[in-house]
Amino acid sequence: MKLYELTDEERIKYLLVNDYIDNKQADLLKSREPLSQDLADSLSENQVGVFGLPYGFATDFKINGKDYVVPMSIEEPSVIAAASNGAKRIRNSGGFSVNVSDHIVYGQIVLESVEEDTLTLLKAQHDAILKVANEAHPSLIRRGGGVRTLEFHKYDNLIELELGVDTVDAMGANIVNTILEKTSKEVAAITGCNVLCSILSNSGEGQLVDVQVDVEFEQLSTKTMSGSEVAQRIVSLTEFAKKSVKRAVTHNKGIMNGIDAVILASGNDFRAQEAAAHEYAARSGYQPLSNWQIEDDRLHGRLLMPIEVGSVGGAISSMPMAQLTLAIMHISGSKELRSVIGAVGLANNLSALRALVTTGIQAGHMSLQSKSLAVSAGAIGAEIDLVAAQLNSEKNYSLENAKKVLRELRNK
Ligand code: MEV
């Protein structure tokens, strides 16, 4: 039985019997109550409800030799299917190899009304400022993190102090902002300058993830196209993306489909991730974040980009569904979470490109969208699958047609 043919109850059972979740976690899923009233009220303001998104999981991920099912939360049909589809082709070719950098979050203290000698004064106090910064967050030092770098940059009458902080497993926004605000007071006292602001940077330069795969041609073939032709066409489309920003942004959107869905399911900050990803894509003119080329009779794929997440702290630690996501994947820390998220991005990218250069995207996309069209047309319960099946057989995916099919079904 294919997973997509099971009911949601049966899929929960699948997770249970395969030891991805325990009985308590199964009950949480069955309850369909992702947040308590109190927790919702404590997370953001003027709360009047909880906004729902489907929570599912992609299968067949083999990353650095470890098997994963990957929870994803997303409203778009076909993203989870595409992730699993890409992951399976990659698994059958040996899996994903992922390297992750340390977890360095940058922060900026900006000084204004600087004097001629302010920069010299700051440079002379480099070690003293670094000491103050490290003392600002003793628990971070205890966990093995700390302020690793301190640089000064001058821009006309402004000076920036740029701190690079190893935040270990935390996403780090609060840690870095606390360090910056405490340090800035000392810096103001040393220099006599005004502090214009102290804030982390969402640049993901210190949080790069390097995902590589070598896909066998036979994993790419379709009924009408050989694997090597599909591979060559994926390479050509990638080359086109390097020349066309309009294509590059869509290429990257396909990568972000997978990345954002895991970021949401793990309770992480998707705005930070989006900002970091597109800054990285634009560092020398907007470019695709992944590259595909033929190497030794295989399709070699590489995704090099920042993944800006934590595995502890804030909403991640307080939201039961975020905890569930980490538990299902047996995540040991932020480095592992980043490697999984990067792999999902490349899997979604492979699936999208393969579909685009072969059957086109609509064939698979619309047949998966037919269920949500049926619901939009008013279908309930068993009607949903019946209307969707009819839309798929007619290949007419308008809302009007879905309403007509539903009317006919009810009049039978
Ligand atoms: C749709 O959500 C994503 C794609 O447009 C990505 C791409 O074009 O590469 C299919």
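Just so you know, residue 1 is the first one in the sequence shown, and it goes up from there. Counting convention: from 1, in listed order, for ligands and their atoms alike.
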Quick one: does ligand 1 sit under 4.0 Å from the side chain of [X], the backbone, both or neither, non-hydrogen atoms only?
X	result
Thr250	both
Arg247	side chain
Asn257	side chain

Interfacing atoms of ligand 1 (cut-off 4.0 Å, heavy-atom, [X]):
X	result
Ile361	10 (C)
Glu76	1 (C), 2 (O)
Leu356	7 (C), 8 (O), 9 (O)
Ala352	6 (C), 9 (O), 10 (C)

Crowding at [atom1], [X] (>12 non-hydrogen neighbours, <6.0 Å):
X	atom1	result
Lys242	NZ	yes
Lys13	NZ	no
Glu33	CD	no

Item to check | Any donor-acceptor N or O pair under 3.5 Å, side chains Ser290, His251 | outcome: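 Yes - a donor-acceptor pair under 3.5 Å links their side chains.
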Checklist entry - Using 30° and 60° as the class limits, which term best fits the ring planes of His278 and Tyr286: parallel, tilted or perpendicular? => result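 Answer is parallel, since the angle falls under 30°.
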Checklist entry - With a 4.0 Å cut-off, would you call Glu295 and Arg298 a salt bridge? => result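 Answer for the salt bridge query: no.
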Next on the checklist: Under 4.0 Å and counting heavy atoms only, is there anything from the protein next to atom 4 (C) of ligand 1?
Outcome noted: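 Given the 4.0 Å cut-off, atom 4 (C) of ligand 1 does not count as touching protein heavy atoms.
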